[in-house]
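What follows is a set of notes on a single structure, which appears directly below.
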Amino acid sequence: MFGDYSLGDLAAIFAMQGFAGLILFSVFLLMALGLAIIFGQMGVINMAHGEFMILGAYVTWMTSNFFQAYLPALFSGYFFVAMILAFLASGALGMLVEWGLIRHLYKRPLDTLLATWGLSLILQQCYRSIFGAREVGVDLPQWMLGSFQVTDAIQIPINGVFVMCLTILITCAVAYVLYWSRWGRQVRAVVQNRVMAGAVGINTERVDRYTFALGCGVAGIAGSAFTMIGSTGPTSGQLYIVDTFLVVVFGGAASLVGTIASAFTISQAQSTLEFFLSGSMAKVLTLLAIVGILMLRPQGLFSLKVRK
Amino acid sequence: MLAISNLHVAYGQSEVLHGLNVAVSPGEIVAIMGRNGMGKTTLMKALMGIVPTKSGSVSMNGVEVTGLRSYERVAQGLAYVPQGRMIFSAMTVEENIETGLVASGGKAVPRDIYELFPVLLEMKARRGGNLSGGQQQQLAVARALATGPKVLLLDEPTEGIQPSIIREMARTLKRIRDERRLSIVVSEQVLSFALDVADRVLVIENGEIVRDDPRAGINETEVAKYLSI
Ligand SMILES: Nc1ncnc2c1ncn2[C@@H]1O[C@H](COP(=O)(O)OP(=O)(O)OP(=O)(O)O)[C@@H](O)[C@H]1O
Ligand SMILES: [Mg+2]
C-alpha cells in the first residue's frame, strides 16, 4: 500500500495524519481518563460514558449558538466557556446519576453494566426528543480554522494543536488532583480499602459521588473536543465507547501514563492507517494489533507494581 | 466517655454479641481479653459502625452514635486500629497518616506524632505496604491519632509482634494516654501485655462480658483460666 509514494511523501503523510489524529487522541484520552477514574474508584463500568460525552458536545453546540446570536463580538472565545459549561453539565448529570442509580448497585457489577446501558438508551432518547434526530455541527471561530504551514507538504491544523494542549493541561490537572491533593488522597484511600477509609474519617459516599461526577465531567470536555471532528447526534457517543474501553484496557487500568500512551498509539494508528485504507479496514488492523499485544501482555502496557 | 449499653450484634441470623455493657472513663485504659472467636473484633467493628448494631446503644460523651456512619463516629472522637493493621499499602507512610487528617481538619502531620514514632519520619516517603509488620502497626496507630481521637480502639495490637516490642508498645500506649488524655480500649489475648497497660481488665466469652476487674488486686490465675482452653 505504500508502493506508490516516495519516501519524502510518506514522511509528510505520516506527519500530517499524525497531527490530524491529535483531536482523536484528545477525545480518546479524555474519555478514557473519565472511564478509568470511575472504574478504578468503584468498579463501575459506565456504559453511558459516551452519552455524557455527547451531552458535553450538545452544550458546546448550544454555547456556540448562543454566542453567535447574542455575543458575536466574543465568538472567538466561546470554546473556553463551552468547555467549562460542558464539564459542569456532564458532571452535574453524573452526580445525579450516582445519587439516583449507581450507589444502589455497588458490588453488583453486572447490574451496573445493565443499568448504565439502559441509562445510555434513555439519554439517547432524551437527546432525540430535545435536540432532534438530525446531527448538528458547530462553527469554529476563525482563528482555529487555519493551519501552520511547516514545510511545503506538511500542515498542522491549529485546532488540533489547541485541543491537544488543553487536553494535556486537563490531564495534568486530573493527575494533580488524584496524586497530590487532599481530595485525591481520600479517593485513593477509598479505592484501596473502602471500609478502612470510612474508619479513618473519610466520607466514602461523598468521595464516590464527586469522583463519579469528575469522570463524567471530563467526558463532557471530551465532548467539546469531539465537536471539532464529528457532527453531534443522539447516538454519536455510542461509536466511541468501544474505542474508549480499548484504550483503558490496552493502557492497563489504574495507570495514568498507560492511558496516555495507549490513547496516543490507538488514535495515531487509526488516523495514519485511514489515509491508506478504508476507515473500517484501519479499525480492523488496529484491533488485531491490540488483541495481539494484549495476548502477550494481558495486564496492559503499564501496570502498577506494589505489594498488596 | 464511651458508654456501651445492652449491645447486641449479629451477622445475619447468628447473634455474636449478646448484650454487652461497658463504660470507659476519660483517660482510662481498658483491656478486653478473650480467646479466638469470642467476639472481640466484632465488638470493635460494631463500635466503629462497620458491622450494624442489632439493638442497644453506644454513646460518646453522651452523644448517641449508634446510628452514625463510620466517618461520623470518627468525627465524634472514635479512632480505630484494626486487627491486621489495614494500612493503605500503595500510599506512602506520610499519605497514610494524612488520611486521618481529613477528620481533624489539620493540614500537615503534627510533629508530636512523628516524635512518638520516629521510625515513621525516617520512612515517610516509603510505600506503607513495604514496611515491616511492627512498623505497620505503628503507622496504623499514627493514622488513628491523626484523627484527633478521644477514644482509641485497638484490636489485638500485639498480634505477630515479638515480646520485647510488645513491652515497648505498652509504654507507648500509656505515653499516648498521658500526653493526650484520651481513653484506650484494647482487645488482647496476651495477658502480660494487658496487665502491663490496662487500668481495668474485662473478659469476653461467647459474646458476653464475664469478668470485669480493676488492675489493682486482679487475680491473674482466675483471668488466665479464661484464656487457656
Ligand atoms: N462476617 C462474619 N459473618 C459471620 N460470622 C462471623 C463474621 N465475622 C465473625 N464471625 C463470627 O463471630 C464470632 C466472633 O468473631 P470475632 O472475629 O469477633 O472474634 P475475635 O474475638 O476477634 O477472634 P480472634 O481473636 O481470632 O481475632 C466468631 O464465631 C466468628 O465465626
Ligand atoms: Mg479478632
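Chain letters run A, B, ... following the sequence lines, proteins first, then strands; residues in each count from 1.
Contact annotation for residues 6-30 of chain B against chain A (heavy-atom separation below 4.5 Å): no residues qualify. Of residues 96-115 of chain B, those residues lying under 4.5 Å from chain A by any heavy-atom pair are B:Glu98, B:Thr99, B:Gly100, B:Leu101, B:Val102, B:Ala103, B:Gly105, B:Gly106, B:Lys107. Within residues 53-75 of chain B, the residues having any heavy atom closer than 4.5 Å to a heavy atom of chain A are B:Arg69, B:Ser70, B:Tyr71, B:Val74, listed by residue number.
Distance OH/A:Tyr179 to CD/B:Glu95: 10.5 Å, rounded to 0.5 Å.
The neighbour count for A:Trp183 CH2, taken as heavy atoms of other residues, nucleotides or ligands under 6.0 Å away, is above 12. For A:Phe245, the CZ atom is densely surrounded, since the number of other residues' heavy atoms within 6.0 Å is greater than 12. No more than 12 heavy atoms of other residues, nucleotides or ligands shown are found within 6.0 angstrom of OH on A:Tyr210.
Partners of B:Lys45 according to the salt bridge (Lys or Arg N to Asp or Glu O under 4.0 Å) rule, which considers only residues two or more places apart in sequence or in another chain, do not exist here.
In this structure, the side chains of A:Arg185 and B:Phe88 stay at 4.5 Å or more apart for every pair of heavy atoms.
The candidate with the highest count of non-hydrogen atom pairs below 4.5 Å against chain B, out of A:Val195, A:Val200, A:Asn193, A:Ile202, is A:Val200.
Interface residue B:Met86: backbone and side-chain heavy atoms are both found under 4.5 Å from chain A. Using a 4.5 Å cut-off between heavy atoms, A:Arg182 touches chain B through its side chain atoms alone.
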